[in-house]
Amino acid sequence: MNVRSTRGGAEVPLSAAIASGQAPDGGLYLPPPVPPHAGPWGEGLPAHAAAVLRPWFAGDVLAPQLDAIVRESFTFSAPVRWLDDATGLLELFHGPTAAFKDFGARFLAACLQRLTPADERRTVLVATSGDTGAAVAAAFWRRPRCRVVVLYPDGRVSPRQAHQLAAFGDNVTTCRVAGSFDDCQALVKRAFADAHLTARHGLVSANSISLGRLLPQAAYHAHAALAVAARGRSPAHIVVPTGNLGNAFACLLAREAGAPIGDVVLATNRNRVLPDFLRTGHYAPTASLATLANAMDVGAPSNLERLRARWAEPAEAVTADWVDDDAIRATIRATATTYGAFVCPHTACGLAVLQRRRRAGARGTWLVAATAHPAKFETVVEPLVGQPVPVPPPLAELLARPAHAEPLAADLGALRQRLDRLAD
Ligand SMILES: *Cc1c(COP(=O)(O)O)cnc(C)c1O
């Protein structure tokens, strides 16, 4: 299928949109509506992924390779852990870097590798405040024709995050930038604005607005809803902890594509711009506030432009609520004592919002997207649950590797020099 920017413009093939990331007019490429899948869905996550994604890839150069791309990307599971009869955690953290971003990053990498001719090289340039950079590095690690340069703010990510980001090597270069996350992002933006630099290094973006990351996230929402249906409990209502609205937008796409999903509820931390927008219709982006659920500390959600372009009345498609740090702490504690389950601060936002909905009368079967493994946020979780959180094997493997990050000035000249050295 062809896609078009949220701001209009010409249609481009889906794979061109995946290769370029952002639309040239500054908008976001919007996947067009597809007819609901009539079934059968097949068995297992890769089959469900292919069923959900096939209509968008119809007619595209990547269409014949979709099954292979899906098999290569969905190599770990997305199981539902039932806390009680009507409440499940959709565990999205079984990938190499223990957060849901592994799914999108791997799918994007599998697409980009196929879209790069044998005699060309691409360099994925990514600024990260933590989770994204590690997922992207892991996804592109040792892939032919692709290089990754990760920029993170030195001293402003957790020790475990810093280790993860720097544990790759080979075709992954990790730079600790003297500056803030905003400085890293500004540096990446300036690099992409430099046409010569972009062409010379085949720079591509892997940020969360990329369709190559967004679309595959619809797969696990569909997969989980089908698991609920198999228990005879359809539809599945889903709470999605949200920052930039990528994961949650994909959940809406899964519902539209025919997955048996009922209500979709966004859960945010004190960065409440989405709940306020959906309640009042008035969008008021702000600077972000620091919270315990720091991967959701977003004051101007990038995918909101997609939501508004796609649904004339967004509040009819989705509702939202927010919680503060005290509620996050209380929920992490209560989930451990009541169910013996450890959850990360982002997942806790989702559970807290669900609890409020239930008190207000919500019925039925609910899933909460568990966006990261609690061991990634051990400095928050462990003091609350009073014991160590076991590290999952893929993450343990990464943390056991040697780490190497290079210092880099927050300066385009320094970045250009570093890129040139890679190309030599
Ligand atoms: C990125 C992230 C989120 C927010 O996801 P969006 O797609 O930006 O809404 C939530 N939780 C964790 C753990 C994340 O890494």
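Counting starts at 1 for both ligands and their atoms, in listed order.
- Scanning the protein heavy atoms around atom 10 (C) of ligand 1, the nearest turns out to be M296 CG, 3.6 Å.
- Close approach of ligand 1 to T242 is summarised as follows: ligand atoms under 4.0 Å from at least one heavy atom of the residue are 9 (O).
- An N or O contact shorter than 3.5 Å is missing between A295 and ligand 1 by distance.
- Nearest to atom 1 (C) of ligand 1 among the protein's heavy atoms is K101 NZ, 1.4 Å.
- Ring centers of F103 and F76: under 6.0 Å apart, within the cut-off.
- A salt bridge does not link D25 to R7: none of the charged side-chain nitrogens sits closer than 4.0 Å to a carboxylate oxygen.
- Between W366 and H237, the ring planes lie tilted relative to each other; the angle falls in the 30° to 60° range.
- For atom 7 (O) of ligand 1, the nearest non-hydrogen atom of the protein is N247 N, 2.9 Å.
- The existence of a salt bridge linking K376 and D131 is confirmed by a sub-4.0 Å separation between a basic side-chain nitrogen and an acidic carboxylate oxygen.
- Every N/O-N/O distance between H346 and ligand 1 stays at or above 3.5 Å.
- In terms of protein heavy atoms, atom 8 (O) of ligand 1 is closest to N244 N, 2.8 Å.
- The protein heavy-atom contact nearest to atom 11 (N) of ligand 1 is T371 OG1, 2.9 Å.
- Listed by atom number, the atoms of ligand 1 under 4.0 Å from G246 heavy atoms are 6 (P), 7 (O), 9 (O).
- Annotation: F93 is not in aromatic contact with F100 [ring centroid separation under 6.0 Å not met].
- Looking at G243 next to ligand 1, an N or O pair under 3.5 Å apart turns up.
- With salt bridges taken as basic N to acidic carboxylate O contacts below 4.0 Å, none links D194 and K189.
- For F74 and H48, the gap between ring centers reaches or exceeds 6.0 Å.
- Between E72 and R106 there is no salt bridge, since none of the side-chain N atoms of the basic residue sits less than 4.0 Å from a carboxylate O of the acidic one.
- Backbone and side-chain nitrogen or oxygen atoms of D131 are examined, and one is located within less than 3.5 angstrom of a nitrogen or oxygen of ligand 1.
- For the pair R231 and W82, the cation sits on the ring face: its NZ or CZ lies under 6.0 Å from the ring centre, inside 45° of the axis.
- Heavy-atom separations between F100 and ligand 1 include at least one value shorter than 4.0 Å.
- Inclusion of L245 in the set of residues having an N or O under 3.5 Å from an N or O of ligand 1 is warranted.
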